*Asks:* 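Just dropping this structure here.
Please read these numbers as outputs of a predicted model, since none were measured by experiment.
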Amino acid sequence: MPATPLTRRTLLAGTTAMLALSACGSGEGADAKELGISAIPDQDPELLNRLYPALAERFADETGLNVAYQPVTDYTAVVRAFEIGDVHLAWMGGLTGVQARERVPDATAIAQRDIDADFHSLFIANSGSGPRPFDGTAGLSGLAGHTLTFGSETSTSGRLMPQYFMREAGLKQSDLRGEPGFSGSHDATIEAVANGSFEVGAVNEQVWDATVEAGEVDLSDVEVLWRTPGYADYHWLVRPDIDDAFGKGTREKVLDLLLGLDQENSADAELLDLFGAESFVRTKDSDYDRIEDVARDLGLLE
């Protein structure tokens, strides 16, 4: 049974008892010894509720600790939960990871998927809206006069980097028709462009590919305009006090588990497939320096 998603209001109110719903079904309530994991809600909640409880159970088996998956309803809530210590390990986007490290000094990026060092966004358009596919950043200037939706306001692939490349092309948000939208997730962006609510959208390439593969988007309604250059994105971020809270070596156990997931093992392969990855690899904070620079330039770290 999926755990109940948290809202930012819930977190700000400090109702930690609601944060303790265990993905393992422990039902023990809030517990200082319960290791909390969470993730940005970047796509279909049903998928996330299959993926993270299974991972929480795997972490519990590996560490011998009580591990709880704490679903959240928006990107800000997971950063807040990490900041106040209700979440100790979180799957972040590039931007949310940088934001969390700003709030939690010495928090560390420890692992990313094999695909995250060279991640891409796509600009997509409703087929009847006019824009045609183009090569190169300068082509984004042709989106002037059209409506556009991003994903979440703090999404790296659905807002931060697309907005960065728009600036590179000299396309200001005021050049668009109306204010840009914020759909809340990549799935929602694809749906909004497909049904014509917005003419253009910026979306995570991985989610787009998965949606196309699943036959969940009619390609006669939507087409890809442009694939951005690559950048670093998703990663696991760990709080600096995890060993103090759960025992020396906990951080390394978590990292070893992630790096040891093996496609040749059927249980591991199922988890990796849900992440859309072949493996996890080490990463470090400096891999996200460019994301941090762009975020500061866009005023998203204030």
Side-chain angles (χ1 to χ4, degrees), residues 40-44 75 93-96 115-234 276 290-291 293-295 297-300:
I40 54 172
D42 61 341
Q43 53 184 311
D44 183 0
Y75 285 41
L95 174 57
T96 45
I115 61 174
D116 286 313
D118 186 33
F119 209 78
H120 299 265
S121 297
L122 301 176
F123 281 84
I124 59 175
N126 184 282
S127 300
S129 62
R132 305 299 306 161
F134 52 85
D135 297 319
T137 308
L140 288 170
S141 61
L143 303 184
H146 293 279
T147 59
L148 180 147
T149 184
F150 296 115
S152 167
E153 292 185 57
T154 52
S155 168
T156 304
S157 54
R159 189 273 178 92
L160 179 77
M161 294 310 295
Q163 189 175 351
Y164 166 76
F165 290 115
M166 287 165 62
R167 281 194 175 193
E168 289 284 291
L171 177 67
K172 300 187 294 291
Q173 291 190 176
S174 58
D175 295 328
L176 300 171
R177 183 155 65 90
E179 293 292 321
F182 291 98
S183 69
S185 72
H186 301 290
D187 307 270
T189 294
I190 295 171
E191 182 176 352
V193 174
N195 67 26
S197 297
F198 286 88
E199 294 173 306
V200 178
V203 66
N204 171 322
E205 182 183 42
Q206 185 198 26
V207 175
W208 169 261
D209 288 345
T211 304
V212 171
E213 184 177 350
E216 295 173 351
V217 58
D218 187 339
L219 295 179
S220 67
D221 293 332
V222 187
E223 62 181 340
V224 175
L225 298 179
W226 183 58
R227 181 182 192 239
T228 70
Y231 53 86
D233 201 348
Y234 294 82
R290 184 188 182 199
I291 295 291
D293 290 343
V294 174
D297 185 51
L298 296 177
L300 297 177

*Asks:* Using the side-chain contact (heavy atoms from CB on, under 4.5 Å) rule, take Leu95 and Met161 through it: C-alpha gap first, then chi angles, then the decisive distance, then the call.
*Replies:* CA-CA 9 Å; Leu95 174 57; Met161 294 310 295; over 6 Å; no
*Asks:* Mind listing the closest non-hydrogen atom pair of Phe150 and Gly158 along with its distance?
*Replies:*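 Between these two residues, the closest heavy atoms are CB-O, 3.1 Å.
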*Asks:* For Ala169, does its backbone N or O pair with a side-chain atom of Thr137 as donor and acceptor, under 3.5 Å?
*Replies:*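 A pair under 3.5 Å: no.
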*Asks:* Between atom CZ of Arg290 and atom CG of Asp293, what is the distance when rounded to the nearest 0.5 Å?
*Replies:*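 Those atoms lie 9.5 Å apart.
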*Asks:* With the side chain counted from C-beta on, respond yes when Ser157 and Tyr231 share a heavy-atom pair under 4.5 Å apart, and no when they do not.
*Replies:*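 In short, these two side chains touch, coming nearer than 4.5 Å.
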*Asks:* Looking at every heavy atom in both Phe123 and Ala202, which two are closest together, and how far apart are they?
*Replies:*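 It is CE2-CB, 4.2 Å.
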*Asks:* Going by salt bridge (Lys or Arg N to Asp or Glu O under 4.0 Å), name the pairs with one or both residues in residues 216-226, residues two or more places apart or in two chains.
*Replies:*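 Every salt bridge (Lys or Arg N to Asp or Glu O under 4.0 Å) pair that includes a residue of residues 216-226, provided the two are not neighbours, is Arg132-Glu223.
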*Asks:* Return yes if some donor-acceptor pair links the side-chain N/O of Asp116 with the main-chain N/O of Ala232 below 3.5 Å, else return no.
*Replies:*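 Not confirmed, Asp116 side chain does not pair with Ala232 backbone.
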*Asks:* Less than 4.5 Å apart, any side-chain heavy atom of Leu300 and any of Thr154?
*Replies:*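 Not in contact.
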*Asks:* What's the spacing between Thr228 OG1 and Leu122 CG if we round to 0.5 Å?
*Replies:*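 Separation between the atoms: 7.0 Å.
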*Asks:* Roughly how far apart are Leu148 CG and Asp175 CG, rounded to 0.5 Å?
*Replies:*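 So the CG of Leu148 and the CG of Asp175 are separated by 11.5 Å.
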*Asks:* Run the side chain to side chain donor-acceptor pair (under 3.5 Å) test against Asp42 and tell me which residues pass, sequence neighbours left out.
*Replies:*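 Only Tyr234 meet the side chain to side chain donor-acceptor pair (under 3.5 Å) criterion with Asp42.
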*Asks:* Are Val200 and Val193 close enough that some pair of their side-chain heavy atoms sits under 4.5 Å apart?
*Replies:*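 They are not in contact (no side-chain heavy atoms under 4.5 Å apart), so the answer is no.
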*Asks:* Supply the atom-to-atom distance Leu140 CG to Met166 CE, rounded to the nearest 0.5 angstrom.
*Replies:*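 It is 7.5 Å, given to the nearest 0.5 Å.
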*Asks:* Within this structure, what is the CZ-CH2 distance for the pair Arg227 and Trp208, rounded to the nearest 0.5 Å?
*Replies:*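 Those atoms lie 14.0 Å apart.
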*Asks:* How long is the span from the OG atom in Ser155 to the OH atom in Tyr75, to the nearest 0.5 Å?
*Replies:*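 Going from OG on Ser155 over to OH on Tyr75, the span is 4.0 Å.
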*Asks:* I'd like to know if the side chain of Asn126 reaches the main chain of Glu199, judged simply by a donor and an acceptor atom lying under 3.5 Å from each other, with no hydrogens or angles considered.
*Replies:*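 Side chain of Asn126 to backbone of Glu199, a donor-acceptor pair under 3.5 Å: no, none is there.
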*Asks:* So which atom in Pro133 and which in Val224 form the shortest heavy-atom distance, rounded to 0.1 Å?
*Replies:*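 That closest heavy-atom pairing would be CG-O, 3.6 Å.
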*Asks:* Where do Gln206 and His186 land on the side-chain contact (heavy atoms from CB on, under 4.5 Å) test, with the steps shown first?
*Replies:* CA-CA 10 Å; Gln206 185 198 26; His186 301 290; over 6 Å; no
*Asks:* What pair of heavy atoms forms the shortest contact from Ser183 to Thr149, and how long is it?
*Replies:*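 Heavy-atom minimum between the residues: N-OG1, 3.5 Å.
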*Asks:* State whether the side chain of Thr189 and the backbone N or O of Ser185 hold a donor-acceptor pair below 3.5 Å, judged by distance alone.
*Replies:*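 Checking the backbone N and O of Ser185 against the side chain of Thr189, a donor-acceptor pair under 3.5 Å is found.
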*Asks:* Determine whether Val203 and Thr211 make a side-chain contact, defined as any pair of heavy atoms from C-beta on separated by less than 4.5 Å.
*Replies:*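 In short, these two side chains do not touch, never coming nearer than 4.5 Å.
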*Asks:* If you look at every heavy atom in Ser129 and His146, which pair is closest and at what distance?
*Replies:*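 In this case the closest contact between Ser129 and His146 is O-CE1, 3.2 Å.
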*Asks:* Determine the interplanar angle of the Trp226 and Phe165 rings, folded into 0 to 90°, and report it as parallel if under 30°, tilted if 30 to 60°, perpendicular if over 60°.
*Replies:*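 Taking Phe165 first and then Trp226, their aromatic rings stand perpendicular (interplane angle over 60°).
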*Asks:* Measure from the side-chain N and O atoms of Arg159 to the backbone N and O of Glu153, and report whether any donor-acceptor pair falls under 3.5 Å.
*Replies:*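 Judged by distance alone, yes, a pair lies under 3.5 Å.
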